[in-house]
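Worksheet: the structure to be examined is printed underneath.
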Number of protein chains: 2
Amino acid sequence: MAPGSSTSTSQPDRLFDPRKIWGFDIEPSVVEVDYGDLTHVGCEFSKPCKVCGRLAAHCNTLIIAVDGACCSNGRKDSTPQSALGIFVGHDSPYNLQTKLPWVRTNQVAELTAGVMGLVVAKKVIKNEGQGVIDTVVIKADSEYLVKGMTEWVVKWQMNGWKTAKGGDVVNRGWFEDLLGEVEELEDAGVTVLFWHVRREFNAEADQLANLALDG
Amino acid sequence: MAPGSSTSTSQPDRLFDPRKIWGFDIEPSVVEVDYGDLTHVGCEFSKPCKVCGRLAAHCNTLIIAVDGACCSNGRKDSTPQSALGIFVGHDSPYNLQTKLPWVRTNQVAELTAGVMGLVVAKKVIKNEGQGVIDTVVIKADSEYLVKGMTEWVVKWQMNGWKTAKGGDVVNRGWFEDLLGEVEELEDAGVTVLFWHVRREFNAEADQLANLALDG
RNA sequence: CGACACCACAUAAC
DNA sequence: GTTATGTGGTGTCG
């Protein structure tokens, strides 16, 4: 499949390709996708539901909640442990929870979760959303991921990936990977959105990530 | 009397003035104050007694144990049940136990107990401690109350009541009330101290608070 | 300076 | 297990 691997080379801290480690080259069996629990009648698009606080799904929209965790983030622990959680729906076989043994900052964990969210989205669409799903939403509590992908990358691509203070963008390679995944979906006619929600409205993905850390 | 009511106005969650609800404007009859049970020979000042774990009283010191309870803490109960207990001495008429029907968090219950402890202290001194008691100790198991009043308020008053993480101090109004009570006592030449003890050394006040909840 | 996240910890209340 | 609150820290950006 080689998605977006044309981007990202100039990055020394990219230690592995997350698309490889879960064997996504193998076709999964066809399954039911359940994201009805994210839908509430009367919710405005792109605004939290007044009843449950979650962001509303449309029938043509696949909402994927992602989260990264990184225990002992501020501490000089000898054993840094990171993990991510991808939540598609309750009991969905597309849900993902896994450790990222080599990643050591919370931000990279969040970006990795975003990449994997998009990879999962492609899989879901390919298997059961063909011709139905035309929009993918990555729902995250990380401002770094969401603003990075919706506001900052535009400037960065124009100014040579320079920070407002003049430094290099630290996780450039991960953002380029994300852009590659987005581009691939857009090329297939799928709109990709990033939504920022507060921590308490991302509980499912958070739980998955923390489960992975415990195990 | 209007004690400390000059402070605390900017607080929307202050639902009532605890000084009002027990009618402290009325002079109580003169009574014997017994706090001998809190005194143990050989205890170092400001350290727990090696025999009983309690903090030692001096003859010029009035020790008041306070505690708050809140049985609807972790739940979305529509009927919050909070209470406080103020313990001056065994069979002391200054002991207090009462429900706080409008208080819905454990922290506010603890802070309210602190306010009432100081109000009771003023009463005791006025009635039978004039010229004798020059120190009041509020003994509590709540770190929130004790550290709040001994460490954190100093910073908060200087930084505009901002949390270490940049947010607003949640129960600012209650801390301002406490400061008002302390100031009034200090103005009268009384030193006010807050002592933190473990839960098991605050049993009397705890019992009073729980009695109020049951009744 | 601001924002979001991620973590470590403490005490209490359930 | 949860919530209520605070302290200390790093990861990153505008």
Side-chain angles (χ1 to χ4, degrees), chain A residues 13 66-77 80-84 103-111 113-114 140-153 155-156 161-172 174-175 196-200 202-203 205-207 209-210 213, chain B residues 66-77 80-84 103-111 113-114 140-153 155-156 161-172 174-175 196-200 202 206 209-210 213:
Chain A
D13 68 319
V66 308
D67 194 33
C70 181
C71 78
S72 56
N73 190 27
R75 203 43 240 140
K76 339 162 177 275
D77 251 353
Q81 295 267 299
S82 299
L84 60 74
V103 173
R104 59 213 154 317
T105 78
N106 64 316
Q107 309 286 39
V108 171
E110 304 279 5
L111 299 185
D141 59 23
S142 166
E143 186 187 69
Y144 185 61
L145 168 61
V146 173
K147 280 202 173 169
M149 286 302 289
T150 55
E151 298 177 19
W152 304 336
V153 280
K155 272 186 282 190
W156 292 340
W161 295 86
K162 289 297 176 192
T163 268
K165 288 189 185 115
D168 292 328
V169 173
V170 171
N171 292 309
R172 170 175 176 176
W174 291 97
F175 283 106
H196 187 219
V197 297
R198 273 178 288 142
R199 202 170 128 38
E200 63 255 43
N202 219 29
D206 182 71
Q207 264 181 330
N210 278 57
L213 273 186
Chain B
V66 308
D67 194 32
C70 179
C71 66
S72 48
N73 197 24
R75 11 186 42 78
K76 17 178 164 232
D77 263 352
Q81 288 287 320
S82 298
L84 60 73
V103 172
R104 37 178 62 260
T105 77
N106 65 318
Q107 309 284 42
V108 171
E110 305 279 6
L111 299 186
D141 59 23
S142 166
E143 185 188 71
Y144 186 60
L145 168 61
V146 174
K147 281 203 173 169
M149 286 302 289
T150 55
E151 299 178 18
W152 303 337
V153 279
K155 272 186 283 188
W156 291 340
W161 295 86
K162 289 297 176 189
T163 263
K165 297 201 173 74
D168 292 327
V169 172
V170 171
N171 292 309
R172 169 177 175 173
W174 291 97
F175 283 106
H196 186 219
V197 298
R198 288 182 175 281
R199 207 180 165 297
E200 63 255 40
N202 218 30
D206 182 70
N210 280 5
L213 272 186

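Convention: sequence-line order gives letters A, B, ...; per-chain numbering from 1. Just so you know, these numbers use all the heavy atoms, side chains as well, and skip hydrogens, waters and symmetry mates.
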Nucleotide nearest D141(A) when distance is taken to its side chain, options dG6(D), A13(C), A5(C): A5(C)

Check: K165(B) side chain, dG8(D) base, donor-acceptor under 3.5 Å: yes

By side chain to side chain contact (heavy atoms under 4.5 Å, CB included), K162(A) pairs with (sequence neighbours left out) N159(A), D168(A)

Regarding the side chain of W156(B), the nearest nucleotide among dG6(D), U11(C), A13(C) is dG6(D)

Given side chains that start at C-beta, do those of Y144(A) and E110(A) come closer than 4.5 Å, heavy atoms only? no

Separation of U11(C) C1' from W152(B) CH2 (nearest whole Å): 8 Å

Out of dA4(D), C6(C), dG14(D), which nucleotide sits closest to the side chain of Q107(B)? dA4(D)

What is the nucleic acid contact for G166(B), judged by heavy atoms within less than 4.0 Å: base, sugar-phosphate only, or nothing? nothing

More 5' along RNA chain C: S142(A) or R198(B), using each one's nearest nucleotide? S142(A)

Do V169(B) and W152(B) come within less than 4.5 Å of each other through their side chains, counting heavy atoms only? no

Would you please confirm or rule out a distance under 4.0 Å between OP1 or OP2 of dC13(D) and any side-chain N or O of W174(A)? no

Using side-chain heavy atoms (C-beta onward) and a distance below 4.5 Å, is V66(B) in contact with L145(B)? yes

Please examine the side chains of W161(B) and V170(B), heavy atoms only from C-beta on, and report whether any two atoms are closer than 4.5 Å. no

Base, sugar-phosphate, or nothing: which does T163(B) touch, judged by heavy atoms less than 4.0 Å apart? sugar-phosphate

Proximity to the side chain of T105(B) - top-ranked nucleotide from dA4(D), U11(C), dG11(D): dA4(D)

Could you pull out all residues at least two apart from Q207(A) that satisfy side chain to side chain contact (heavy atoms under 4.5 Å, CB included)? none

Can you tell me the distance, in whole Å, between the CD atom of E200(A) and the P atom of C4(C)? 11 Å

Between A3(C) atom C1' and E151(A) atom CD, what is the distance in whole Å? 11 Å

Between NE2 of H196(A) and C1' of A5(C) the distance, given in whole Å, is 8 Å

Between C1' on A5(C) and CG on L84(A), what's the gap in Å once rounded to a whole number? 15 Å

Roughly how many Å is it from CH2 in W161(A) to C1' in dT12(D), rounded to a whole number? 14 Å

Could you give the NZ-to-P distance, from K147(A) to G2(C), as a whole number of Å? 15 Å

Just to be sure I understand the rule, does G148(B) reach a base, reach only the sugar-phosphate, or reach nothing, if contact means heavy atoms closer than 4.0 Å? nothing

Sugar-phosphate only, base, or nothing, as touched by E110(A) at under 4.0 Å among non-hydrogen atoms: sugar-phosphate

Roughly, in whole Å, what's the span from CD in E143(A) to P in dT12(D)? 14 Å

As a test of reading the structure: which of C14(C), dT7(D), A12(C) is closest to the side chain of L213(B), going by heavy atoms? C14(C)

Nearest to the side chain of N171(B), heavy atoms from C-beta on, is which of dT5(D), dG8(D), dG14(D)? dT5(D)

Are any of R104(B)'s side-chain N or O atoms less than 4.0 Å away from OP1 or OP2 of dA4(D)? no

Nearest to the side chain of D206(A), heavy atoms from C-beta on, is which of C6(C), dT5(D), A12(C)? C6(C)

Would you mind telling me which residue lines up with the more 5' stretch of DNA chain D, D168(A) or A164(B), judged by nearest nucleotide? A164(B)

